[in-house]
Amino acid sequence: MDNISIARLLDETASLLEIDAADPFRIRSYRRAAEAVEQQTTQLVTLVDDPKQLLAIPGIGKSMAANIQALLSTGTIPLREELLQKYKPTMLELLRLPGMGPKTVALVWSACQVSDIDSLEAAAKAGHLTKLPRMGEKFVTKLLKGIEDHRKNSSRFRVDKAQYHADIISNLIREFPGIDEITPAGSLRRGRETVGDLDLLVTGPACESDVVSAAVEYVAALPLIDKLLAKGQNKVSFTLRNNLQVDVRLLPRSGYGAALQYFTGSKMHNVALRQRAIKRGLTLNEYALLRVEDNTIIAAASEADIYNALDLDYIPPEVRENSGELEAAAAHTLPHLITLADIRGDLHMHTDATDGRDTIRQMAEAALARGLKYIAITDHSKNLAMTNGMDDARAIDHIKNIRKIDAEMKGKIRVLPGIEVDILADGALDLEDTTLAQMDIVVASVHSHFNQSIEEMTTRVLRALENPYVRILGHPTGRKVLGREGYAINIDLILKRVAELGVAVEHNANPARSDLNDLNLRLAKQYGCKIVVDTDAHSTEELDQMRYGITQLRRAWLTPTDILNTKPTADSFLQSLRSKP
DNA sequence: GCCGTTTTCGGCCCGACTGTTTTCAGTCG
């Protein structure tokens with residue numbers, strides 16, 4: 001069992017305890033333990049014989065260490081089993097619906113024996129819920145909408161989770177002798193925000209057709225497989241414990257490019273590409289690009305060969321959606337898409353002063369190690385009390401600490417003082433202008449939206465933008481990739497105003513948080529908005545999530561000049577922002 | 001359930017916002 005699975009089970013136990021109305025602090029200790037386990041770089045399964053190392057992890061005490069050992073040896077923990085006698089596992093899914101917290105889940109269970117989404121929907125539609133305390137028409141409407149959204153998304157996995165599993169599986173497969181290359185294809189390679197299943201393409205001498213069976217057997221016996229679905233000549237399909245389906249294809253080097261092209265998609269891109277081939281008397285399939293008349297192979301080993309043989313420039317996977325990329329590749333006008341290496345600064349991150357894990361110095365050094373030239377420390381303001389958000393006095397004090405680290409970094413990397421302020425329901429910010437005036441970067445973000453109407457929400461953000469100290473609009477749509485949808489907002493209006501005022505709009509790179517989708521990114525470019533991409537990192541590791549933001553920018557066809565934090569220095573970046581009053 | 005002591009028990013993240021209320025419980029970040 002890997003760390004992520006352990007973390008998930010601990011987290012589920014916490015949720016069950018919540019439904020059971022257990023001691024909140026006990027619940028939190030399970031959540032904290034889950035987080036701690038998830039952040040471990042070494043797999044706990046390797047430490048199981050040495051409880052001392054488990055206990056060395058902050059948040060893991062005697063009982064939790066015993067829980068982890070039980071998980072590793074039996075796959076579950078006694079407390080979890082006990083709770084599952086009282087409650088159904090499907091109730092955990094109910095918690096993912098908006099407005100459904102532990103109390104409400106417990107209520108519908110005790111009052112209507114509702115324990116899963118289908119029966120909750122039925123009860124809602126039959127009007128049974130409005131008879132319960134604190135549940136009116138509005139709640140039911142919101143709930144039904146939430147169920148609909150949930151169904152749309154729940155079968156897909158967030159890109160970073162899929163990438164994590166792809167990396168683990170790839171590392172295991174790579175241990176087999178004669179494997180050279182493993183590439184995730186499909187929507188993961190195209191950089192979609194969510195992934196339905198994982199397609200891993202593998203090649204190397206061990207994948208040649210006369211010897212491939214040994215490698216197939218090896219893959220089919222991987223320890224992390226939950227259910228083996230199929231085992232063919234060169235393909236193994238299985239699911240992981242989290243239900244993610246994985247298809248591993250072992251392919252000879254000679255046809256690797258054709259397979260990569262075929263399985264990367266998208267479907268629409270491939271259809272258009274095959275039509276182009278047919279016009280040229282060629283046919284394209286998953287094995288090769290062939291001449292129709294005599295089946296001669298024209299190209300197969302690399303994707304570039306195939307595109308070039310069709311008189312196209314190489315098309316990066318992120319833009320393979322049949323939305324103009326074939327025409328552009330034919331005309332040699334594909335833009336030079338932005339890459340991770342173009343990014344010079346990260347303008348949104350947190351430290352242990354609020355809800356981050358690491359210190360200002362650790363963040364600065366980690367950013368430096370990642371090649372960045374400047375960062376902004378933007379901890380939370382007081383309204384986010386739960387994060388230990390800072391009031392005016394603390395925020396001003398924090399600037400001193402940031403400047404001190406900035407000086408200590410001796411110009412190797414600039415560390416800019418900033419703050420992430422909360423936009424209140426009336427559009428006001430929760431700190432004084434005199435405080436904001438001392439910050440280089442003020443990120444204004446909405447943190448509570450609930451059921452404000454589109455008009456209210458839009459007005460709220462527009463009002464906040466009028467504050468002259470706001471330099472970046474943080475997570476403008478509040479959109480989450482999975483689960484609860486973001487707030488309803490007139491993004492069109494917001495982006496227009498952002499462009500007029502010279503405020504920058506944030507593209508939040510962290511898939512777990514919120515961001516602009518590629519459509520809105522294109523809109524932002526069209527309106528001439530200044531765009532920054534940042535990680536909103538809460539730990540040094542999260543700085544690595546910049547890669548997911550870049551992929552989204554590439555999907556929107558954006559180039560280095562479209563993004564503000566490709567500016568080479570902190571000064572040139574600050575100059576390109578809305579000027580301070 | 002963890003942690004750190006003042007070493008064996010008390011503290012641990014709290015305020016805005018909503019719906020259904022007529023004073024507040026529950027959700028969310």
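Just so it is clear: chains get the letters A, B, ... in the order the sequence lines come, proteins before strands, and each one is counted from 1.
Salt bridge Arg497(A)/Glu500(A): present, at least one basic N to carboxylate O contact under 4.0 Å. Ion pair Arg357(A)/Glu541(A) flagged as a salt bridge, since at least one NZ, NE, NH1 or NH2 atom sits closer than 4.0 Å to an Asp/Glu carboxylate oxygen.
Rounded to an integer number of Å, the gap from Asp422(A) CG to dC17(B) P is 8 Å. Atoms CG (Asp426(A)) and P (dT18(B)) sit 12 Å apart, rounded to a whole Å. Remark: C1' of dC28(B) and CD of Glu18(A) are 12 Å apart, rounded to the nearest angstrom. The separation between Phe25(A) atom CZ and dC9(B) atom P is 18 Å, rounded to whole Å. Put simply, NZ on Lys142(A) is 10 Å from P on dT18(B), counting in whole angstrom units. Between the NZ atom of Lys138(A) and the C1' atom of dC17(B) there is a distance of 12 Å, given to the nearest Å. Taking atom CG on Leu54(A) and atom C1' on dG1(B), their separation rounds to 16 Å, with Å as the unit. We find that CG of Leu55(A) is positioned 13 Å from P of dG4(B), with the value rounded to whole Å.
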- request: For side chain to side chain donor-acceptor pair (under 3.5 Å), just list the numbers for Thr435(A) and Asp392(A), CA-CA rounded to whole Å, side-chain angles, deciding distance to a tenth of an Å, and then say yes or no.
  value: CA-CA 6 Å; Thr435(A) 305; Asp392(A) 291 90; 2.4 Å; yes
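The Ala385(A) side chain lies nearest to dC14(B) when the options are dT27(B), dC2(B), dC14(B). Nearest nucleotide to the side chain of His447(A), out of dC2(B), dG29(B), dC12(B): dG29(B). Closest to the side chain of Phe139(A), from the set dC14(B), dG1(B), dG19(B), is dG19(B). Comparing dG29(B), dG1(B), dG26(B) against the side chain of Lys103(A) picks out dG26(B) as the nearest. Taking every side-chain heavy atom of Leu424(A) into account, dC17(B) is the closest of dT20(B), dC17(B), dC12(B). Of the candidate nucleotides dG19(B), dT27(B), dA16(B), dT27(B) has the atom lying nearest to any side-chain atom of Thr104(A).
Of the two residues near DNA chain B, Ala65(A) and Asn383(A), the one whose nearest nucleotide lies more 5' is Ala65(A). Position along DNA chain B of the nearest nucleotide to Glu137(A) versus Arg26(A) favours Arg26(A) as the more 5'-ward residue.
Base orientation of dT18(B): anti, since the glycosidic angle falls outside 90° of 0.
The one candidate from Ile494(A), Leu493(A), Thr477(A) that meets the side-chain contact (heavy atoms from CB on, under 4.5 Å) condition with Val461(A) is Ile494(A).
His398(A) has its side chain within reach of Asn401(A): a pair of non-hydrogen atoms, C-beta onward, lies under 4.5 Å apart.
Phosphate contact (OP1/OP2 of dC14(B), side-chain N/O of Thr387(A), threshold under 4.0 Å): absent. OP1 or OP2 of dG1(B) has not a single side-chain nitrogen or oxygen of Arg28(A) nearer than 4.0 Å. Dashed line: the shortest gap from a side-chain N or O of Arg134(A) to OP1 or OP2 of dG19(B) is not under 4.0 Å.
Among the heavy atoms of the strands, none lies under 4.0 Å from Lys382(A). Within 4.0 Å of Ala425(A), counting heavy atoms only, lie sugar-phosphate atoms of the nucleic acid but no base atom. At the heavy-atom level, Pro133(A) lies nowhere under 4.0 Å from the strands shown. Using a 4.0 Å heavy-atom distance criterion, Asp23(A) is classed as a base contact. Residue contacts for Ile60(A): at a heavy-atom cut-off of 4.0 Å it reaches the sugar-phosphate backbone alone, with no base atom in range. Nucleic acid contact for Pro24(A): none, since no nucleic acid atom lies under 4.0 Å from a heavy atom of the residue. Met386(A) comes within contact range of at least one nucleobase, with a heavy-atom separation under 4.0 Å.
Across dT7(B) and dC3(B), the matching C1' atoms stand 12 Å from one another, rounded to whole Å. Going from the P atom of dT20(B) to that of dT27(B) covers 13 Å, rounded to whole Å. Straight-line distance between the C1' atoms of dC9(B) and dA16(B): roughly 34 Å, to the nearest whole Å. The gap from the C1' atom of dC12(B) to that of dT5(B) amounts to 14 Å, rounded to the nearest Å. Nucleotides dT6(B) and dG11(B), compared at atom C1', are 13 Å apart to the nearest Å. Annotation: dT18(B) and dT8(B) have their P atoms spaced 48 Å apart (nearest Å). Here, dT21(B) and dG26(B) have their P atoms 13 Å apart, quoted to the whole Å.
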Could you pull out all donor-acceptor pairs under 3.5 Å where a side-chain atom in residues 115-123 of chain A meets a protein atom, sequence neighbours excluded?
from	atom 1	to	atom 2	distance (Å)
Asp116(A)	OD1	Asp118(A)	N	3.1
Asp116(A)	OD1	Ser119(A)	N	3.0
Asp116(A)	OD1	Ser119(A)	OG	3.1
Asp116(A)	OD2	Ser119(A)	OG	3.2
Asp118(A)	OD1	Arg151(A)	NH2	2.7
Ser119(A)	OG	Asp116(A)	O	3.2
Glu121(A)	OE1	Arg151(A)	NH1	3.1
Glu121(A)	OE1	Arg151(A)	NH2	3.1
Glu121(A)	OE2	Lys125(A)	NZ	3.3
Glu121(A)	OE2	Arg151(A)	NH1	3.4

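Taking the side chain to side chain donor-acceptor pair (under 3.5 Å) definition, one finds that Arg414(A) meets it with Asp406(A), sequence neighbours left out.
Side chains of Asp433(A) and Tyr469(A): a donor-acceptor N/O pair is absent below 3.5 angstrom, by distance only.
The base-pairing partner of dT8(B), taking Watson-Crick or G-U wobble contacts with both distances under 3.5 Å, does not exist among the strands shown.
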